[in-house]
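Input: a single structure, listed below in structure tokens.
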Amino acid sequence: KKQSIMEANDPWKFEEDTKHVIPDTSGATFGSIKDVNELLSPLLKDLTEKSDYMRFYRLNLFNKECKYKMDDNVFCGSNACNVLVTDENNVPEIWSSKALGKLEGFMPELSRQIVESDQSVMENVEKISQSCLLERLDDQDRQYCYVDNELDSGCVYVSLLDNPERFTGYGAPHATRIWEMIYNECLPDTFEPTVDFPTLFTQGSLAPSSISQEQVLKERMELWTHEQRVFYRVLSGMHTSISTHLCYNYLNQSTGVWGPNINCFKEKVLSHPERIENLYFAYSLLLRAMDKLNGHLDALTFCHDSALQDTEVRHKVRDLVDTVNQYPRYFDESVLFSGEPELSSAMKKEFREHFRTVSALMDCVGCERCRLWGKIQTNGFGTALKILFEVSDVENEIDQFESTSFPLQLRRSEIVALVNTFDRLSRSIDYIQKFHELHIEQHQPEPLFRKFLNNMKRFVYQYVPEVFHPFLKKTYNVARIVYHDVWMELEVVLEGFRYVLSSYLQMPKMINFYFFSSQSPLLNYISESIRQRIPSGWLS
Ligand SMILES: Cc1cc2nc3c(=O)[nH]c(=O)nc-3n(C[C@H](O)[C@H](O)[C@H](O)COP(=O)(O)OP(=O)(O)OC[C@H]3O[C@@H](n4cnc5c(N)ncnc54)[C@H](O)[C@@H]3O)c2cc1C
């Protein structure tokens, strides 16, 4: 079925092109990433949907000023832009401001002493949880992100399940301007471009919006350093994932119904194959960051009021990391920043600073819901980059970053952001597959009965006065749902009928096999029994 729809320049070609290698990865292909994702996506869904630990995210969503000059007015008028804040009574006590407040002013050294000395920070809170309260402040110069300080009184808790990432109506010119500023961070300072690398970006349209610009960007990218391409691809992959989510969870403004909008997806994603490649690239980078957690997991605390939940989350994360570990490494961080040490270190510093600026730009996003997911995902990617480029590789004998790397330290918000960002990308890959199925469905020949219904609909609309149209529309929608359900039911019955019929058709063959064929187990058994009863002398 799929084959008949595929044509040489079909934009869906990549769905079949399992061997296509994703640029700048170590041999990751569309097929290999889809295979990994098939195993990982249920684990990620389970973690993000069923554990309080991954569900509640603390951040400063409303009280952080945008540090950059924005010319346009922000406009996001729809309710879909709002964020539902979680009442702290619904959050496990260990994460409440009350608990965090007890730590105000703590320095890491002091916190460590408190944990080591067995002194209780909170009554009724188990010892394991105490280290969860520590805001580790000694890794600032390793950060790829400005992470909100959880002790800040402007922070709130948000349940990510109550605030799904979806279409909000936030758009140009404000949103597009932010994307432009984000991509501007790909501009190099000490990176030494061999040619006039940034002209495409400095002209103010750094993100390609037309096919010809895409072609120019592609050619330019070949002249960039590997580090520059990684930086750009991560941001573009995140952008693709955001676009895929908003098109999949789209609000049809005329019917008020939420659902996939395939035209939105075609326009924002499908018609730009390199955006899909970048999504897969970003996925392979996150995959490797998760892989590198192996060997560091014991250093992490999955705090909860109850030791049971702590253990449960730890087991689930361990399952995830173990599964990732079974696959080849599709991203090799050791080939980055691997030149002359002084220059490499300067490049890495710059890479970090530019990524931090991207994270700070999230405070300028003019729609609360988009800001929430923008902050989580930049934090998630920032955490992944920190793991890749700053943390020692305990599994590898040769660790390129050994001299500069440090033992893993992650804040709760970083772990939550990392896992949720991974889950976002994993869902985007699933959604793309679902969009493809939808496309195939839409291109199937129309069943006769549906054709008849549609003709009837057109006929009735023509002759019925317009005031009755909303009523007709509702009736038609109900009829469609009933038709769909009845059809599904009918298919189940038909399937059963087919099964019974095919068993009957098999019967003569079975009778022949059991009673008349030379391999018949029944005849063989009878003849063998008779043979055993006949005196051996008679047979010779
Ligand atoms: C951080 C952030 C989060 C957002 N979250 C949401 C959300 O949750 N829900 C929602 O409805 N809206 C969200 N938006 C807005 C949304 O991303 C779009 O900006 C908006 O829908 C307008 O889309 P557009 O098609 O005009 O182009 P935009 O998506 O605004 O893109 C701007 C330009 O970037 C280029 N571009 C587009 N995609 C890519 C890519 N993958 N790689 C490289 N270049 C690209 C194109 O040249 C395009 O013209 C968010 C915006 C930002 C900045």
Side-chain angles (χ1 to χ4, degrees), residues 61 66 68 70 72 74-83 145 160 163-186 200-201 203-218 220-221 229 231-251 253 258 261 263-283 357-381 420-421 424-425 427-428 431-432:
L61 189 63
C66 164
Y68 306 92
M70 303 290 302
D72 325 296
V74 184
F75 183 70
C76 187
S78 80
N79 270 347
C81 288
N82 298 340
V83 168
C145 232
L160 301 180
N163 295 282
E165 189 184 21
R166 62 182 184 188
F167 172 78
T168 63
Y170 176 52
H174 199 271
T176 308
R177 173 84 191 110
I178 303 238
W179 282 119
E180 194 175 51
M181 290 165 83
I182 289 172
Y183 288 114
N184 262 326
E185 286 310 307
C186 306
L200 186 71
F201 290 176
Q203 278 160 5
S205 56
L206 67 106
S209 55
S210 68
I211 301 298
S212 61
Q213 270 191 326
E214 259 160 25
Q215 194 50 39
V216 177
L217 179 66
K218 210 170 173 182
R220 291 265 161 85
M221 276 177 83
R229 291 199 301 274
F231 195 100
Y232 175 77
R233 289 192 199 284
V234 165
L235 296 176
S236 169
M238 179 177 88
H239 195 166
T240 308
S241 179
I242 289 176
S243 302
T244 307
H245 271 80
L246 77 89
C247 295
Y248 195 81
N249 302 299
Y250 195 86
L251 177 67
Q253 272 123 329
W258 290 90
N261 178 338
N263 290 332
C264 164
F265 177 73
K266 282 181 182 164
E267 189 190 315
K268 286 176 189 281
V269 179
L270 189 67
S271 48
H272 310 269
E274 78 297 337
R275 293 184 189 172
I276 297 176
E277 274 181 350
N278 291 340
L279 170 75
Y280 276 73
F281 170 85
Y283 188 98
T357 307
V358 171
S359 75
L361 271 166
M362 293 302 127
D363 290 316
C364 306
V365 172
C367 136
E368 291 171 5
R369 182 73 65 97
C370 315
R371 196 182 316 138
L372 166 69
W373 284 104
K375 283 180 81 123
I376 292 174
Q377 291 178 75
T378 42
N379 189 1
F381 278 111
N420 274 285
T421 304
R424 290 292 96 191
L425 267 66
R427 281 176 205 247
S428 290
Y431 289 166
I432 293 180

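Order of appearance sets the numbers: ligands from 1, and atoms from 1 within every ligand. These numbers were taken from a predicted model, which means no experiment stands behind them.
- Here Thr240 has heavy atoms under 4.0 Å from ligand 1 in both its backbone and its side chain.
- Below 4.0 Å from some heavy atom of Ile178 lie the following atoms of ligand 1, by number and element: 53 (C).
- Taking the side chain as every heavy atom from C-beta outward, Asn249 and Glu165 never approach each other to under 4.5 Å.
- In this structure, Trp373 has no heavy atom closer than 4.0 Å to ligand 1.
- Side-chain contact between Met238 and Asn278 is absent, with no heavy atoms from C-beta onward closer than 4.5 Å.
- Between Thr168 and ligand 1, a contact under 3.5 Å exists for at least one N or O pair.
- Residue Lys268 approaches ligand 1 through these ligand atoms, each under 4.0 Å from one of its heavy atoms: 20 (C), 21 (O), 22 (C), 23 (O), 24 (P), 25 (O).
- When each atom of ligand 1 is checked for a heavy atom of Phe167 under 4.0 Å away, the hits are 11 (O).
- Inclusion of Ser243 in the set of residues having an N or O under 3.5 Å from an N or O of ligand 1 is not warranted.
- Taking every heavy atom of Tyr232 and a limit of under 4.0 angstrom, the matching atoms of ligand 1 come to 43 (C).
- Side-chain contact between Thr240 and Ser428 is absent, with no heavy atoms from C-beta onward closer than 4.5 Å.
- The SG atoms of Cys367 and Cys81 are placed at least 2.5 angstrom from each other.
- Looking at heavy atoms from C-beta onward, Tyr248 lies out of side-chain contact with Arg427 at the 4.5 angstrom threshold.
- Inter-residue side-chain proximity for Arg369 and Tyr170 is flagged as unmet; no heavy-atom pair is nearer than 4.5 Å.
- Close approach to Arg166 involves these atoms of ligand 1, each under 4.0 Å from a residue heavy atom: 7 (C), 8 (O), 9 (N), 10 (C), 11 (O).
- The side-chain heavy atoms of Met362 and Ile182, taken from C-beta on, include a pair separated by under 4.5 Å.
- The Ile242 neighbourhood of ligand 1 comprises atoms 3 (C), 4 (C), 5 (N), 6 (C), with distances under 4.0 Å to a heavy atom of that residue.
- Inter-residue side-chain proximity for Leu246 and Thr168 is flagged as unmet; no heavy-atom pair is nearer than 4.5 Å.
- Between His245 and Tyr431, the ring-plane angle classifies as perpendicular under the 30° and 60° cut-offs.
- For Glu267, no nitrogen or oxygen atom sits less than 3.5 Å from a nitrogen or oxygen atom of ligand 1, counting backbone and side chain alike.
- Using modelled atom types, no side-chain atom of Arg275 and backbone atom of Val269 make a donor-acceptor pair closer than 3.5 Å.
- Residue contacts with ligand 1, taken as heavy atom pairs separated by less than 4.0 Å, involve Met362 solely via side-chain atoms from C-beta onward.
- Here atom 30 (O) of ligand 1 lies nearest to Thr176 when heavy atoms of Asn249, Thr176, Asn163 are compared.
- By the criterion of a heavy-atom distance under 4.0 Å, neither the backbone nor the side chain of Tyr250 is placed next to ligand 1.
- At least one N/O-N/O distance between Trp179 and ligand 1 falls below 3.5 Å.
- Distances from atom 40 (C) of ligand 1 to the heavy atoms of Arg275, Arg177, Glu274 put Arg275 nearest.
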